[in-house]
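Here's the structure we're looking at; comments come further down.
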Amino acid sequence: MMNQYSSLSKAQLPVAIIGAGPVGLAAAAHLVTRGESFVLFDVGHAVGASILQWAHVRLFSPWEYNIDKAAKQLLISHGWNAPNPLDIPTGLEMVKDYLTPFAELPEIKPFLYLSAKVVAVSREGLNKVKTHGREDLPFVLHVEMNGERSIVKAKAVIDASGTWTNPNPIRSEGVWTTEEQAFSKQISYGIPDILHKHKDRYSGKKVLVVGSGHSAINTLLELGELKGIVPETEIVWVLRKSNLEDVYGGREQDQLAARGELGKRIQKLVESGNVKIITPFFVQEVKKNKDKIQVIGTLNGEFQRIDGIDEIVANTGSRPDFSFLREVRVLADPSLESAMELAPLIDPNVHSCGTVRPHGEKELRQPEKDLYIVGAKSYGRAPTFLMATGYEQVRSVVSYLAGDREAAERVELRLPEAGVCSIRADVTSCCSPAPQLKTSKSSCCNGSSKHE
């Protein structure tokens with residue numbers, strides 16, 4: 001099946017894409033538009049598998065920011081009717097009305113492999129130590145599918161595998177412990193469907209939410225609604241931020257009204273007194289106390305214990321998986337695990353500007369020629385990412401791979417302002433111009449959502 005590429009020369013080989021989420025599928029769209037062949041692998045049973053894990057959540061960005069331009073043109077050429085660009089979809093609608101129809105197109109479906117896990121990427125015949133001649137060799141992907149392993153050759157690799165399926169632990173040190181893993185039935189990583197599918201799990205329980213991003217806000221807002229229905233429900237929110245204003249975001253100043261509304265709604269919930277807030281709190285340990293969870297941490301430098309927890313929702317972000325890239329030369333920022341050139345612009349230790357200024361192939365280059373990490377994975381552990389940013393990344397990368405250097409260097413991205421941008425006084429602003437790039441009117445100070 002996939003070994004059909006084994007006899008081709010390197011120039012004839014396809015580009016391999018890892019990940020069939022919005023950004024990986026957008027990469028396929030741009031390759032089709034450029035007349036380049038591709039093969040696309042995803043470990044999930046459906047396209048957008050990670051999005052389906054938060055299918056009930058409504059995005060804060062409207063359709064106009066969620067559909068890749070090349071993918072849209074392909075869909076329209078086959079009679080697809082685009083959604084109203086101003087409507088805001090749920091995760092389920094994103095998959096059902098956009099990603100799935102796109103995956104069914106004749107230009108895409110024959111080259112898409114689901115339930116296909118890429119377990120290793122290397123250069124043909126060489127490990128990562130050997131230098132001489134490696135750029136002339138094709139990539140080799142080891143893919144597990146239906147219990148068997150296949151070898152697939154490719155002339156380039158675009159890793160759009162994301163980070164959603166690799167969540168961070170709740171322990172502030174970032175280390176997984178056997179104690180935390182022992183609570184797998186009482187800790188949920190992600191955004192549970194609290195008002196419907198998982199309602200019985202959380203009704204009348206004491207629920208601890210850990211985190212301060214948009215995922216945590218969505219979780220808390222649904223718990224707040226549940227408490228209105230089942231008053232016995234207790235909500236405890238622990239986060240590391242010392243200032244809740246940082247969580248509320250731009251609110252009225254946010255150019256994405258739905259994103260600003262999230263900030264206003266969580267502020268209202270906090271001010272209602274229906275949520276017990278413990279901040280800045282750093283989780284150090286979780287223990288079992290009969291059928292309850294005991295969380296131990298520090299608050300303002302002093303140890304504090306939170307008792308009687310029934311359920312924990314961990315909205316602590318996620319991290320990239322580099323395990324299958326071990327035999328190729330990949331360089332990541334030592335703290336964020338992001339693309340090196342993006343790190344200073346998205347580092348939460350420095351600023352809260354949201355997303356990075358427009359960027360493309362040049363900023364995403366790896367030491368391994370023709371291998372690119374794009375999408376949420378290119379941001380590593382940084383807490384913000386917008387789909388439109390990923391679409392621009394793959395447009396630029398594919399342009400470069402197709403030999404169109406001018407298009408690769410051009411940046412075609414305009415994002416809405418978040419209405420908030422704070423930086424430390426001793427560092428260069430992320431909002432400073434990028435003279436090396438040809439940019440459209442845009443700003444790095446755009447808020448975004450990792451789960452988008």
Side-chain angles (χ1 to χ4, degrees), residues 18-24 42-45 48-57 59 91 117 159-194 197-198 201-202 207-220 222-223 236-241 247 281-286 293 295 297 309 311-325 332-333 335-338 346 348 373 375-387 390 448-452:
I18 305 172
V23 177
D42 194 283
V43 69
H45 299 298
S50 290
I51 295 178
L52 290 174
Q53 293 185 24
W54 47 269
H56 61 290
V57 177
L59 284 71
K117 182 178 181 180
D159 179 1
S161 58
T163 63
W164 182 259
T165 58
N166 205 31
N168 292 323
I170 63 172
R171 190 181 175 104
S172 62
E173 296 164 352
V175 177
W176 284 100
T177 62
T178 54
E179 290 80 10
E180 180 173 342
Q181 291 170 326
F183 288 108
S184 59
K185 293 183 179 179
Q186 289 172 276
I187 303 180
S188 173
Y189 299 87
I191 313 175
D193 189 357
I194 291 167
K197 183 178 180 181
H198 305 124
R201 176 172 177 175
Y202 297 99
V207 185
L208 178 75
V209 178
V210 187
S212 61
H214 289 105
S215 295
I217 291 175
N218 275 294
T219 297
L220 288 160
E222 290 211 347
L223 283 170
V236 183
W237 183 16
V238 301
L239 58 159
R240 301 176 194 172
K241 292 183 183 294
V247 180
F281 187 86
F282 295 81
V283 177
Q284 299 296 325
E285 191 177 0
V286 288
I293 304 173
V295 176
I309 300 298
E311 295 280 349
I312 296 177
V313 180
N315 293 136
T316 49
S318 51
R319 58 184 65 179
D321 176 13
F322 293 107
S323 62
F324 60 91
L325 299 177
D333 178 76
S335 59
L336 296 184
E337 298 182 352
S338 67
I346 57 178
I373 297 173
K377 189 170 180 177
S378 71
Y379 273 42
R381 299 193 190 194
T384 56
F385 182 75
L386 195 67
M387 275 187 290
S448 54
S449 172
K450 191 75 169 186
H451 71 243
E452 286 193 356

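The structure displayed is predicted, hence computed values, not measured ones.
Going from atom CD1 of Ile18 over to atom CG of Asp159 covers 4.5 Å, rounded to the nearest 0.5 Å. For the atom pair CD1 of Ile309 and CG of Leu208, the computed distance is 4.5 Å after rounding to the nearest 0.5 Å. Note that CG of Asp333 is 11.0 Å distant from CZ of Arg381, once rounded to the nearest 0.5 Å. Annotation: the span from Asp193 atom CG to Tyr202 atom OH amounts to 10.0 Å, rounded to 0.5 Å.
Considering all non-hydrogen atoms of both residues, Asn166 and Pro320 come closest at ND2-O, 3.6 Å. Here the closest heavy-atom approach between residue Gly91 and residue Trp54 is recorded as CA-CZ3, 3.8 Å. The minimum heavy-atom distance between Asp42 and Ala20, with the atom names listed, is OD2-N, 2.6 Å. Taking each heavy atom of Ser50 and Thr165 in turn, the nearest pair found is OG-CG2, 3.7 Å. Looking at every heavy atom in both residues, Trp237 comes nearest to Ser212 through CZ2-CA, 4.5 Å. Closest of all the heavy-atom pairs between Pro169 and Thr316 is O-OG1, 3.5 Å.
In this structure, the side chains of Val295 and Ile312 come closer than 4.5 Å at one or more pairs of heavy atoms. In this structure the side chain of Val238 never reaches within 4.5 angstrom of the side chain of Ile170, judged on heavy atoms. No side-chain heavy atom of Glu311 sits under 4.5 Å from any side-chain heavy atom of Pro192. Proximity of His56 to Ile194: side-chain heavy atoms (C-beta onward) are nowhere separated by under 4.5 Å.
Partners of Glu222 by side chain to side chain donor-acceptor pair (under 3.5 Å), not counting sequence neighbours: none found.
Between the side chain of Ser172 and the main chain of Val283, a donor-acceptor pair closer than 3.5 Å is present. Side chain of Trp176 to backbone of Asn168: no donor-acceptor contact under 3.5 angstrom is found. Side-chain atoms of Asn315 do not come within 3.5 Å of backbone N or O of Tyr189 as any donor-acceptor pair.
Screening residues 165-189 for salt bridge (charged side-chain N to carboxylate O under 4.0 Å, His left out) gives Arg171-Glu173 as the qualifying pairs, with residues at least two apart or on separate chains.
Each of Val209, Val57, Val207, Val210 was compared with Thr219 under the side-chain contact (heavy atoms from CB on, under 4.5 Å) criterion, and only Val209 meets it.
Phe322 carries Lys377 over the face of its six-membered ring, with the cationic atom under 6.0 Å from the centre and within 45° of the normal.
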Begin from the C-alpha positions of Thr163 and Phe385 and carry the test side-chain contact (heavy atoms from CB on, under 4.5 Å) through to its verdict.
CA-CA 11 Å; Thr163 63; Phe385 182 75; over 6 Å; no
Checking Asp321 against Ser161 for the side-chain contact (heavy atoms from CB on, under 4.5 Å) test, could you report, in this order, the C-alpha distance in whole Å, the side-chain angles of both residues, the deciding distance, and whether it holds?
CA-CA 9 Å; Asp321 176 13; Ser161 58; over 6 Å; no
Please step through side-chain contact (heavy atoms from CB on, under 4.5 Å) for the pair Arg201 and Ser188, ending with a clear verdict.
CA-CA 11 Å; Arg201 176 172 177 175; Ser188 173; 4.1 Å; yes
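No salt bridge links Arg319 with Glu337; every basic N to acidic carboxylate O contact stays at or beyond 4.0 Å.
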